[in-house]
**Q** 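Before anything else, here's the structure in question.
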Amino acid sequence: MSISRPDLDFGRQTLLVRIPGGAASFRLETRTVLVCFAVLLLSLLLAAVALATGDFAVPLPEVLRALTGGGDPMTQTVVTQWRLPRVLMALVLGAALGMSGAIFQSLTRNPLGSPDIIGFNTGAYTGALLVILAVGGSYWQVAAGALAGGILTALAVYLLAFRRGSHGFRLIIVGIGMSAMLAAFNHWLILQAELEAAMAAAVWGAGSLNGITWEQAGPAVLVVVVVSAAVLGVSRRMRMLEMGDDAARALGVRAEPTRLLLLILGVALTAAATAVAGPIAFVALAAPQLARRLCGNAGISLLPSALLGSLLLVASDLAAQRLFAPIQLPVGVVTVSIGGIYLIWLLAREARK
Amino acid sequence: MAGTPSWRLLVLLIAAVALVGASLLSLGVGAKFIDVSDVVAAFLNPQDSVNHAIVLESRLPRTLMGIAVGLSLGVAGALIQAITRNPLADPGILGVNAGASFAMIVAIGLLGISSLTAYIWFAFAGAVLTTAAVYVIGTSGRNVVNPIRLTLAGVALGAVLTGIGSGLTLLNPKAFDHLRSWSIGSLDQRTMDMVATVAPFMAAGLVIALFAVGGLNAMALGDDLATSLGSNVNRTRILAVLAITLLSGSATAAVGAIGFVGLMIPHVARWVMGPDQRWIMAATLLFSPILLLVSDVVGRIAVPGELPVGVVTAFIGAPVLIALARRKKVSGL
């Protein structure tokens, strides 16, 4: 593989990557690469802090030893069994949410686009609420209820919006209607419930990574990795779809199947996150916009969005654990605050230029 | 036929009649059914009867509040969708709901206030301050309004306040308990005093909206084209933001967060009336109170002990919206 400067000046600094033998070659924007590395580095740093600190502090060298299978058993249990699944989940689910947000913002060509558009999270909340309020519900029952509710809602929205093609605008409108109905129903359920059950449901509804174990994390990681690979495979067609159905068709992209595929992949990413941690708000909405502004891109890009999603969730989860310790806030409460403040700061800075 | 002036006038006429009908229903239907003749008699020839007392003292303020809140939310929604050109925009996008809720949480949780009248002022102040902050962030104090940045600033600030607010409520069960009933929106237990408190703000908002409407049609062509046609895009946006703040701020303060009216009615109005913003605004003025009053009436009789209007609104409105969206041609913004 060789990396060189292109002969042509594209106006922005780019790097030309060639794989020997002419198998593939592509251009990378220097700034995007740098931003991605910086964000990744920062996420890993925060992850290390999350592994090392807490009620039982472990020095960093000890953390490394525990991760590689050494160290004393107590430290190893704390690091690899208690803290690692949670940190890993924050990284992976953050990436999943960021990527899913990027897909939906690209599909709807709308900065307010997010998986909520298709009603998945609202439906998942309804499913979880019914389980929590009706049967109390173990972790797995709630997760199953959420998945069922979310998938049914997304399916209903897609089918109701489908009429000789799922026009993007119609999808938005049907999604609004469906979400509004379910949100009203959710509100009413919470209003009817006993205070204690209602608050438990509200904590789930905010999204929380408290008490995540390997049992729960394993399947989610698998789903996210597989789906992300598939998303990167269709990303070129997604780009073309952004230009409008007609232009995309002229370039040889089958618009409707591609859109359906992207919808399914986006929902799958959100579903993995929601099943494990509840509907964590705002990451999907903010990550693509933050990535766009940091990289200075014109449009939405997948990989930077995913990395920023990770950073946002890891940072938020760290804050949720430590900020008001011993009280453990749901991470979703912190995501919106941190993400929101950061977005405000970026907007203000952008405006000053 | 759709789009001709006579068709539009006919629609408005029918809507006006429907609004009168909905008002009569709202005055007559409830835990105790009262005849139309008795309702009319209560106004023309009030007597010392129980029925007349119910109509005049409990149902009249409720109905007036429903009309005022409905048209405020509808007009605010039509304005925000027009100036941001975004079909997902509702009045809440400028942070009105988040600001009002946050102020309520502070009032209940930290200051221990618990009277409906005091809530109004807190919620209104919260809504106005938040929208002002969104405006400053979205324009960076330079008075050039970029709709995308304004939208994102509203979403971001709204998220921050919601996040801090729900953090506070999860730590404070009493505030949580109060807020869960407020956050759904209800017309129950509204008095004439409360109507009188918010009415001046709503009236001011409507007048300002009237001044903004003229510029909205040009704005739909895009900022550049509108400017070259001699329309002052910026002035229109500033007027619209001001009107939205007054209208939805006072409505939210008075009855709680009713999300769906401002989002849905402008879409319906546009599909019925065509793209002219003046007609959209006129239709919205009539359609929104109808939806709110009918929802309120349905909520009174649907279950024993009443459903809050915010719940019913979504269940009546959403199917209509979805059915309309499935028509052959839906126009975007």
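By convention in this document, chain letters (A, B, ...) are assigned in the order of the sequence lines, proteins followed by strands, and residues within each chain are numbered from 1.
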**Q** Looking at every non-hydrogen atom in both residues, tell me the closest pair between B:S166 and A:V333 and how far apart they are.
**A**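 That closest heavy-atom pairing would be OG-CG2, 3.7 Å.
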**Q** Kindly compute the distance separating CD1 (A:I344) from CD1 (B:I137), expressed to the nearest 0.5 Å.
**A**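 These two atoms lie 4.5 Å from each other.
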**Q** Please give me the minimum heavy-atom distance between B:A156 and A:F282, naming the atom from each residue.
**A**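 Between these two residues, the closest heavy atoms are CA-CZ, 4.1 Å.
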**Q** How far does CG of B:L307 sit from CG of A:L191, to the nearest 0.5 angstrom?
**A**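 Atom-to-atom, B:L307:CG and A:L191:CG are 9.5 Å apart.
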**Q** Under a 4.5 Å cutoff for heavy-atom pairs, which residue among A:L329, A:I190, A:L182 has the most contacts with chain B?
**A**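 Looking at each of A:L329, A:I190, A:L182 in turn, A:I190 comes out on top.
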**Q** Can you tell which part of A:Q289 gets under 4.5 Å to a heavy atom of chain B, answering side chain, backbone, both or neither?
**A**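 Contact with chain B involves the side chain of A:Q289 alone.
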**Q** Let me know if B:L263 has heavy atoms under 4.5 Å from chain A in its side chain, its backbone, both or neither.
**A**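 Just the side chain, heavy atoms under 4.5 Å.
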**Q** Which members of residues 310-320 of chain B, sorted by number, sit under 4.5 angstrom from chain A on a heavy-atom basis?
**A**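 Expected list: B:G310, B:V311, B:A314, B:F315, B:A318, B:P319.
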**Q** Considering only heavy atoms and a distance below 4.5 Å, find which of A:A320, A:G175, A:G177 pairs most often with chain B.
**A**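 Of the candidates given, the most pairs with chain B belong to A:G177.
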**Q** Pick one of side chain, backbone, both or neither for A:A198, based on which atoms fall under 4.5 Å of a heavy atom in chain B.
**A**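 A:A198 touches chain B through backbone and side-chain heavy atoms alike.
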**Q** Side chain, backbone, both or neither: which part of A:L285 has a non-hydrogen atom closer than 4.5 Å to chain B?
**A**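 For A:L285, side-chain heavy atoms alone lie under 4.5 Å from chain B.
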**Q** For residues B:T169 and A:M199, report the shortest heavy-atom separation together with the two atoms involved.
**A**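 Minimum heavy-atom separation between B:T169 and A:M199: O-CE, 3.7 Å.
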